[in-house]
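Before any comments, here is the structure.
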Amino acid sequence: MDASAATSVEPVASGATSKPQRPWLRQRSGSVGERAIELGLAACSLVSIVVTIGIVVVLLYEASGFFAHVSLGEFLGDTMWTPTFTDNQHFGVWPLVVGTLMTATIAMSVALPFGLLAAIYLSEYAAPRTRRMLKPALELLAGVPTIVYGFFALTVVTPFLQGWLPELGGFNALSPGIVMGIMIIPMVSSLSEDAIYAVPDSIREAAYGLGASKLPTIFRVIVPSAWSGIAAAMTLAVSRAIGETMIVAIAAGQSNTLSFDPRGQTETMTAYIVRIAQGDLPTGSIGYQSIFAVGLVLFVMTLTMNLVSYRLSRKLRARNRT
Amino acid sequence: MRDTDVPAAKMSTRGLQAWFGKQQVLKGIDLDISARRVTAIIGPSGCGKSTFIRCLNRMHELIPGAGSSGTVTLDDANVYDPAVDPVMLRRRVGMVFQKPNPFPSMSIRDNVLAGLKLTKSLNKRRPAEVVEKALRQAALWDEVKDKLDKPGTSLSGGQQQRLCIARTLAVEPEVVLMDEPCSALDPIATARIEDLLHTLRDDYTIIIVTHNLQQATRVSQRTAFFLTGECVEYADTDRLFTSPGDRRTEDYITGKFG
């Protein structure tokens with residue numbers, strides 16, 4: 001998407017300066033009508049870029065207001081997060097970061113094995129017909145609204161888990177983490193399956209030709225060959241887990257102290273932002289500004305994961321071309 | 001002119017037929033492959049020569065919709081017997097493919113060891129010795145001995161193909177099938193592989209499919225000419241190319257078609 005946006009924007013930009021020379025291969029569209037269409041299309045592709053830049057600017061602006069009051073040292077050094085308290089305010093972001101990483105880790109420990117094994121089944125074992133039916137069915141899971149998953153976590157999974165773990169709270173990190181993992185399985189399996197399916201048959205033949213049977217071929221040859229694609233799927237999934245909001249907002253509870261216990265309440269960065277944004281804190285107050293600081297942390301984390309994923313999948317494409 | 005005395009057949013086919021779906025690609029092949037010789041299979045594209053060798057190690061049946069009938073024997077045992085595990089058969093009848101296909105996730109060393117590791121048959125053999133022996137057999141040792149940990153895919157095309165040959169030899173097969181192993185290689189790399197074949201035939205029974213008639217005359221002792229799924233002629237290579245017994249063979253080797 002980015003690449004197409006860049007190439008379609010370029011002619012308009014140079015056309016606006018009305019230079020007589022045009023790129024030799026890209027003839028200017030003749031009629032006024034076609035020019036208008038071209039401009040319209042370019043505008044469409046610009047929208048997402050402009051909005052993204054706008055979001056970053058707003059985040060930085062509001063976060064700068066926050067950091068005028070709170071030093072970066074306190075933000076990253078304190079382990080209490082109570083910006084909305086009237087006294088005893090603490091601005092250590094760690095409780096939220098740990099809550100986010102904990103639920104994301106639980107989600108990944110569900111999504112990773114199940115997603116990968118589902119991908120292996122779909123690509124290497126399922127008959128073409130089964131694959132054609134199962135893959136879209138699995139992808140439908142991704143279309144379920146996350147609020148539904150949230151209620152599922154709160155009203156079904158938590159009570160069920162309490163049967164096994166009596167000390168599990170009504171709000172906890174474990175249950176939304178697991179449900180989030182289930183939600184992410186289709187994403188992991190679909191992207192991993194693409195990567196595994198893309199491993200050339202010549203590689204499978206080489207292994208079979210050596211007298212390898214199916215299981216070692218899959219786990220020691222094919223999956224490692226698809227590894228950069230699978231890793232890209234994993235990083236995207238982690239990014240999704242970090243950014244997921246509704247499930248944790250509903251089922252994880254609230255917490256302003258550092259806790260590593262998945263059985264107790266926890267609060268993620270996203271859930272905190274929801275809670276404050278829905279509250280009645282006045283614009284410009286420190287509590288209001290704090291959500292932008294947290295949003296910035298979230299943005300940096302997911303952006304990093306997406307960049308890693310992008311680089312991994314580009315590496316995969318480059319290698320598949322040779 | 002009589003064929004020279006040939007050793008006992010290592011592999012034989014009788015009435016071997018093969019299909020892709022409804023399309024028949026082999027129409028009853030009877031062939032005896034001599035032990036410790038290089039046998040070339042020549043013929044125009046689509047004549048079934050690749051399918052033929054893929055039937056010998058039961059790789060053909062891996063393709064969806066592919067089927068075969070008739071018998072193929074290895075040391076007088078039918079390889080299509082239900083009791084035969086195709087996986088075990090392929091350890092005795094190795095294969096080198098048209099395009100070099102080293103495992104992209106593995107180093108040069110691990111590529112050579114791949115067959116043994118994947119089949120858990122490394123047992124008491126010392127990996128370093130296996131690697132050196134196989135790479136020497138494939139005439140690749142001197143070029144890669146200092147970079148065994150580099151990825152197999154970092155080598156040139158010709159080196160990759162010799163790596164694939166080393167990988168096949170490391171399993172110590174009795175028969176090596178080669179499906180146009182030089183078609184993706186330049187003339188110098190091709191010459192190296194041909195030299196290699198001369199040394200390998202002392203220890204292995206080799207069947208090579210080739211488009212290149214000169215290559216068949218250079219490397220093989222016996223040649224079979226395939227045409228539209230049938231074996232038209234099978235004779236000593238010298239004889240087949242100097243005095244072919246069939247008009248169609250003569251037309252093909254003199255370049256009238258193909």
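Below, read A as the first sequence line, B as the second, and so on, with proteins coming before strands; counting in each chain starts at 1.
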Part of B/Arg54 within contact of chain A (heavy atom distance under 4.5 Å): side chain
Heavy atoms of other groups near A/Lys214 NZ, more than 12 under 6.0 Å: yes
Best-contacting candidate, B/Leu62, B/Val87, B/Asn57, against chain A by heavy atom pairs under 4.5 angstrom: B/Val87
Atom pairs and distances, side-chain donor-acceptor, residues 113-125 of chain A, under 3.5 Å, sequence neighbours left out:
from, atom 1, to, atom 2, distance (Å)
A/Glu124, OE1, A/Arg204, NE, 3.1
A/Glu124, OE2, A/Arg204, NE, 3.3
A/Glu124, OE2, A/Arg204, NH2, 2.7

Close side-chain approach of B/Arg167 to A/Leu210, heavy-atom, < 4.5 Å: yes
Validation row: B/Pro104, A/Ile203 side chains within 4.5 angstrom (heavy atoms): yes
Interface residue of largest heavy-atom contact number with chain A, from B/Met95, B/Met106, B/Met59, under 4.5 Å: B/Met59
B/Trp141, CH2: over 12 other non-hydrogen atoms inside 6.0 angstrom: yes
Minimum side-chain heavy-atom gap B/Leu118-A/Arg220 below 4.5 Å: yes
Donor-acceptor contact present, side-chain B/Arg90 to main-chain A/Gly209, <3.5 Å: no
Nearest heavy atoms of B/Phe103 and A/Ala206, plus distance in Å: CE2-CB, 3.8 Å
Greatest number of heavy atom pairs closer than 4.5 Å to chain B - which of A/Ser202, A/Gly211, A/Pro216: A/Gly211
Residues, nucleotides or ligands: over 12 heavy atoms within 6.0 Å of B/Ile188 CD1: no
Heavy atoms from other residues, nucleotides or ligands near OH of A/Tyr197 exceed 12 (cutoff 6.0 Å): no
Spacing of B/Asn101 atom CG and A/Asp201 atom CG [to the nearest 0.5 Å]: 11.0 Å
Contact class of B/Pro102 relative to chain A, heavy atoms under 4.5 angstrom: backbone
